[in-house]
Amino acid sequence: MMLLSPGWLIALVPVLALAAGYLWRQRKRSETALRFSNLELLKSLAPKGIGWRRYLAAGSFLTGLLALVVSLAQPAIEMEVPLERATVVLAIDVSLSMQSDDVEPTRLQAAQEAAKQFVRDLPVAYNLGLVSFARSAQVLVPPSKDHQAVIEAIDALQLAEATATGEAVFTALDAIRNVPANGTEEAAPARILLLSDGYRTYGRPIEEAADAAVEAQVPVSTVAFGTDDGTVDIAGQLQRVPVDRVALAELAETTGGFFYEAASASELKQVYDDMGSSLGRRVEPVELTRWFAGAGLILSLLAGMFSLLWTPRLI
């Protein structure tokens, strides 16, 4: 815990002086009681059955004062909070191979469900965008805090021919560069999450896209959907559509991202757990002032209640 205005702790001096005065007065009372010669008369004068409870009023009152003084010093703890300009771009493969049912119900549907769950788990402070890619890549939703628009666009994805994985990365990088600067010169912290299954068949090489991501300091995390036994019916012909794990893993490793193999939507949860810990967070002091002030008020009220119940005065 830290104090944002520690100078107010000077107010502890009169509180500690009051506590010392109370202890001194209790000691003097004890000495007076010992000198009292008529013990039977003393018992008749002293309140019965109070015992240790006689100290609750004073203890609550003094502790409440301490809490109020600490509240003036603005106590705070440091917590990690997401940056307002942190950006995530989802890039989802919509090539024909994604209709394979080796992942139930299909690769695309599993990817859609996983992506939507990822969006729901993402802090609302993050900017989120969506890119789809097949023969080409296009920005369906520019990065913004409208996460619901991304979910709706994910539901509307349509399959198309070819797989331009490299183009997906380049398009996502362009979308990140277009995020408003909000008056700052520093680039917004960003990550790309690419969900795909197959081999690149069109567009610029993945290696070239990886180099561009490294230069932009944007890690690309990749998720491979599917198995080596996947097949699809294209124009009446059954074709094998194995997963290119090697290329997707190298893309993630080169750019500093994470690589995952997902056979179902539920297995994508770890992606956010890993990405969220490193994406655009800063440490900020979170004030506890109201908690200490509230504690001081409650303790002061308790002191009054105890005083009325068990003692004729506060101390």
(request) Measure the CD-CG distance between Gln112 and Asp155 for me, rounded to the nearest 0.5 Å. (result) 6.5 Å

(request) Find out if a path of hydrophobic residues (ILVMFWY) with successive side-chain heavy-atom gaps under 4.5 Å connects Val232 to Leu159. (result) yes

(message) Between the side chains of Asp93 and Arg107, is the shortest nitrogen-to-carboxylate-oxygen separation below 4.0 Å, so that they form an ion pair?
(response) no

(request) Decide yes or no for Leu140 and Leu157: does some side-chain heavy atom of the first lie under 4.5 Å from some side-chain heavy atom of the second? (result) yes

(message) Donor-acceptor pair, distance only, cut-off 3.5 Å: does the side chain of Thr201 make one with the backbone of Thr163?
(response) yes

(message) Using every non-hydrogen atom in the two residues, find where Phe259 and Ala224 come nearest and quote the distance to one decimal.
(response) CE1-CB, 3.9 Å

(message) So that I can tick it off, tell me whether Asp228 and Arg245 are bridged by a salt bridge, with the cut-off set at under 4.0 angstrom between side-chain N and carboxylate O.
(response) yes

(request) Would you give the length of the straight line joining atom CD of Gln99 to atom OG1 of Thr231, rounded to the nearest 0.5 angstrom? (result) 10.0 Å

(message) For a quick test of reading the model, state the closest non-hydrogen atom pair linking Thr255 to Ala210 and the distance between them.
(response) CG2-O, 3.7 Å

(request) Determine whether Arg120 and Ile151 make a side-chain contact, defined as any pair of heavy atoms from C-beta on separated by less than 4.5 Å. (result) yes

(message) With clusters defined by side-chain heavy atoms of hydrophobic residues (ILVMFWY) lying less than 4.5 Å apart, directly or transitively, does Val94 cluster with Phe170?
(response) no

(message) Quick check on Glu253: does its CD atom have over 12 non-hydrogen neighbours (other residues, nucleotides or ligands) under 6.0 Å away?
(response) no

(message) Applying the side-chain contact (heavy atoms from CB on, under 4.5 Å) criterion to Leu130, which one of Val89, Val150, Val88, Val119 satisfies it?
(response) Val150

(request) Keeping the roles fixed (side chain from Glu161, backbone from Ala134), state whether a donor-acceptor pair exists under 3.5 Å. (result) no

(message) If I take atom CD from residue Glu207 and atom OG1 from residue Thr254, how far apart are they, to the nearest 0.5 angstrom?
(response) 8.0 Å

(request) Look at the side-chain heavy atoms of Ile, Leu, Val, Met, Phe, Trp and Tyr, link any pair under 4.5 Å apart, and say whether Ile192 and Val139 land in one connected group. (result) yes

(request) Find out whether Val220 and Leu251 are in side-chain contact, i.e. whether some heavy atom of one side chain is under 4.5 Å from a heavy atom of the other. (result) yes

(request) State the OH-OG distance between Tyr202 and Ser136, to the nearest 0.5 angstrom. (result) 8.5 Å

